[in-house]
Amino acid sequence: YQITKQEIIKTGNPLVDQFQERSRKLRQTDAILLPKFLGKAVEYNRVTFQDITAKINKYQRGLREIGLTTGSRVLMLVPPGEEFLALSYA
């Protein structure tokens, strides 16, 4: 999956727009490290900018399909982690 300039939806939110621009430049770089605790050991699941941007774009399309627009207020009941971040940036 390749992220193109056309896929980046400008939101007017500087934080979101900066994240989108960075993810276009750093596609294969780790964006999120999610800890997984195994007793006393810790492993990390890595999520690249390309992967999280694909998920953000998917959520953006879905939210628009149900009628939400920029500025709509929503309540997110999502545990901390990859899904929360993707929805927050969508």
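Computed from heavy atoms alone, side chains included, the values below leave out hydrogens, waters and symmetry copies.
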Subject >> Criterion side-chain contact (heavy atoms from CB on, under 4.5 Å) on Thr53 and Lys58, from CA distance to verdict >> reply: CA-CA 8 Å; Thr53 299; Lys58 179 181 169 185; over 6 Å; no

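- Applying the salt bridge (charged side-chain N to carboxylate O under 4.0 Å, His left out) test to pairs two or more places apart or on separate chains, those with a residue in residues 35-47 are Asp30-Arg46.
- Remark: Ser72 engages Leu68, Thr69 in a side-chain contact (heavy atoms from CB on, under 4.5 Å) (not counting sequence neighbours).
- Shown here are the side-chain contact (heavy atoms from CB on, under 4.5 Å) partners of Leu26, two or more places apart in sequence or in another chain: Arg22, Thr29, Phe49.
- Note that CG of Asp51 is 11.0 Å distant from OG of Ser23, once rounded to the nearest 0.5 Å.
- Here the closest heavy-atom approach between residue Ala90 and residue Gln60 is recorded as O-CG, 3.4 Å.
- Counting only heavy atoms from C-beta outward, the side chains of Met76 and Val74 approach each other to under 4.5 Å.
- What you find for Arg27 and Thr48 is that their closest heavy atoms are O-CB, 3.5 Å.
- For Leu15, the side-chain contact (heavy atoms from CB on, under 4.5 Å) test picks out Asn13, Tyr89, with sequence neighbours left out.
- Between atom CZ of residue Phe19 and atom CD1 of residue Ile52 there is a gap of 6.0 Å, rounded to the nearest 0.5 Å.
- Applying the under-4.5 Å side-chain rule to Ile, Leu, Val, Met, Phe, Trp and Tyr, the cluster around Val42 extends to Leu33, Phe37, Tyr44.
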Side-chain atoms of residues 78-85: list all donor-acceptor pairs with protein atoms under 3.5 Å, sequence neighbours left out, distances to 0.1 Å.
{"unit_1": "Glu82", "atom_1": "OE2", "unit_2": "Lys55", "atom_2": "NZ", "d": "3.3"}
{"unit_1": "Glu83", "atom_1": "OE1", "unit_2": "Tyr59", "atom_2": "OH", "d": "2.2"}
{"unit_1": "Glu83", "atom_1": "OE2", "unit_2": "Lys55", "atom_2": "NZ", "d": "2.6"}

